[in-house]
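What follows is one structure encoded as structure tokens, with my remarks underneath.
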Amino acid sequence: MKEDLRVLLAALAAILAPAMLGTVILAMAVGYWNWSGMALGFGIGCVIAFLHLFFLGWPAWFAMSRRMPMRWWNAGGLGLVVGLAPAALLSILLAGPRVSVRDWQDTARILLFCAACGASAGLSVRAVRGVDPRLGTGTRG
């Protein structure tokens, strides 16, 4: 029962952390704090984070955690890849044959934003779940 609660809390943290980070980053980029717009952005961010978590994040987390203990660095890296991969694939597929350097700079900013949100999700899951004690490394550090 305790492990089920930790998984549920980790899922909640993995949804809320990138949605909150994305909301704050977008509010700072726009330059003003519009509460109704932030609430809408937070809701959209939660939906996107939910989809990333359950279609990509959890399967990758459980596959990786069976092979090695999930430390901070590989949890953050896994979250970065999960946040970055769909956006990168979509930007490559939607890029036209003639793309300017300015378009690639804008795309790089968006991909960096997605990577930061994904890394925050991976790190928040690691903070809540810790290392699986059955793997022989019962430390949480």
Side-chain angles (χ1 to χ4, degrees), residues 2-141:
K2 184 178 176 185
E3 180 66 23
D4 294 338
L5 181 62
R6 282 183 23 194
V7 169
L8 181 66
L9 288 176
L12 187 62
I15 292 170
L16 294 179
M20 183 62 72
L21 178 67
T23 303
V24 170
I25 289 174
L26 287 177
M28 289 186 330
V30 171
Y32 65 96
W33 299 80
N34 179 358
W35 292 107
S36 61
M38 286 176 52
L40 178 66
F42 182 74
I44 292 170
C46 285
V47 170
I48 292 171
F50 176 83
L51 293 173
H52 276 81
L53 176 68
F54 286 103
F55 287 118
L56 299 172
W58 279 133
W61 180 277
F62 289 122
M64 236 177 120
S65 66
R66 289 187 187 271
R67 299 197 181 271
M68 68 180 82
M70 292 301 284
R71 299 286 183 207
W72 290 103
W73 63 270
N74 55 359
L78 181 66
L80 186 136
V81 169
V82 167
L84 183 65
L89 182 64
L90 189 63
S91 66
I92 290 170
L93 291 177
L94 294 179
R98 303 179 113 190
V99 180
S100 67
V101 174
R102 174 82 176 154
D103 292 337
W104 283 115
Q105 289 174 345
D106 292 340
T107 302
R109 287 187 191 106
I110 293 169
L111 294 179
L112 182 63
F113 171 76
C114 293
C117 290
S120 72
L123 291 173
S124 64
V125 169
R126 170 59 175 81
V128 173
R129 285 205 71 211
V131 176
D132 190 0
R134 293 174 290 173
L135 293 174
T137 55
T139 62
R140 293 185 62 96

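Residues meeting the side chain to side chain contact (heavy atoms under 4.5 Å, CB included) test with Ala10, sequence neighbours left out: Trp58, Val125, Val128, Arg129. Under the rule for a side chain to side chain contact (heavy atoms under 4.5 Å, CB included), the partners of Leu12 that lie at least two apart in sequence or sit in another chain are Leu16.
For residues 108-124, every residue pair satisfying the salt bridge (Lys or Arg N to Asp or Glu O under 4.0 Å) rule, not counting sequence neighbours, is listed here: Asp106-Arg109.
The two atoms that bring Trp61 and Ala75 nearest to each other are CZ3-CB, 3.7 Å, heavy atoms only. Contact record, Met70 with Arg126: O-NE, 2.6 Å, taken as the closest heavy-atom pair. Between Ala13 and Pro18 the shortest heavy-atom distance is O-CD, 4.1 Å.
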Which donor-acceptor pairs under 3.5 Å do side chains of residues 78-95 form with protein atoms, sequence neighbours excluded?
from  : atom 1 : to    : atom 2 : distance (Å)
Ser91 : OG     : Ala87 : O      : 3.2
Ser91 : OG     : Ala88 : O      : 2.9

N/O donor to acceptor pairs below 3.5 angstrom from side-chain atoms of residues 36-54, sequence neighbours left out:
from  : atom 1 : to    : atom 2 : distance (Å)
Ser36 : OG     : Asn34 : OD1    : 3.1
His52 : ND1    : Ile48 : O      : 2.9

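More than 12 heavy atoms of other shown residues, nucleotides or ligands fall within 6.0 angstrom of atom CZ in Phe62.
Rounding to the nearest 0.5 Å gives a distance of 6.0 Å between CE of Met68 and CG of Asn74.
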